[in-house]
Amino acid sequence: MTDHKTNRLPQIPESEITLANMGLGEVAYVRELPAQEVERLIGQKIAADPATPLYCLYLADGTPVSVSDSREAAIANAVEHDLAAINPN
């Protein structure tokens, strides 16, 4: 995410750089996002209550792949895309 006050991207922790290099195209992770963040991510309005948590599947380098309404569905999307879903925490 961009820091809108300074218009700079935040520093990426070393652990995320390592994750990105682990298996691009093979490894993915899931993060919970508020609906407003998903709208910003995909660039269009979505039909979801702003309080509803959504789950985004990302490639190891942070590229979003899909958005789902449950963690289980996001992991199923990883399997469908032949990606190994890992827990980045």
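Model, not experiment: these values are computed from the prediction.
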Review point. At what distance, to the nearest 0.5 angstrom, does CD of Glu32 lie from SG of Cys56?
Key: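 Taking CD in Glu32 and SG in Cys56, the distance rounds to 12.0 Å.
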**Study point:** Any side-chain heavy-atom pair of Val27 and Leu83 under 4.5 Å
**Key:**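 No, side chains not in contact.
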Point to revise | For Val65, all residues meeting side chain to side chain contact (heavy atoms under 4.5 Å, CB included), sequence neighbours excluded | key: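 Residues passing side chain to side chain contact (heavy atoms under 4.5 Å, CB included) with Val65: Leu57, Leu59, His81.
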Exercise for review: Apply side chain to side chain contact (heavy atoms under 4.5 Å, CB included) to Glu80 and list each qualifying residue two or more places apart in sequence or on a separate chain.
Suggested key: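 Expected list: Asn77.
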Practice item. Provide the full list of ring-ring contact (aromatic ring centres under 6.0 Å, His included) pairs with a residue in residues 42-74, sequence neighbours left out, each pair given once. Key: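 As it turns out, the ring-ring contact (aromatic ring centres under 6.0 Å, His included) pairs with a partner in residues 42-74, which skip direct neighbours, are Tyr29-Tyr58.
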Point to revise | Considering all heavy atoms, the nearest Ala35-Leu54 contact | key: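 Shortest heavy-atom separation between Ala35 and Leu54 comes out as CA-CD1, 4.0 Å.
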Point to revise | Counterpart residues, side-chain hydrogen bond (donor to acceptor under 3.5 Å, both in side chains), relative to Thr52 (two or more places apart) | key: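 Here no residue qualifies.
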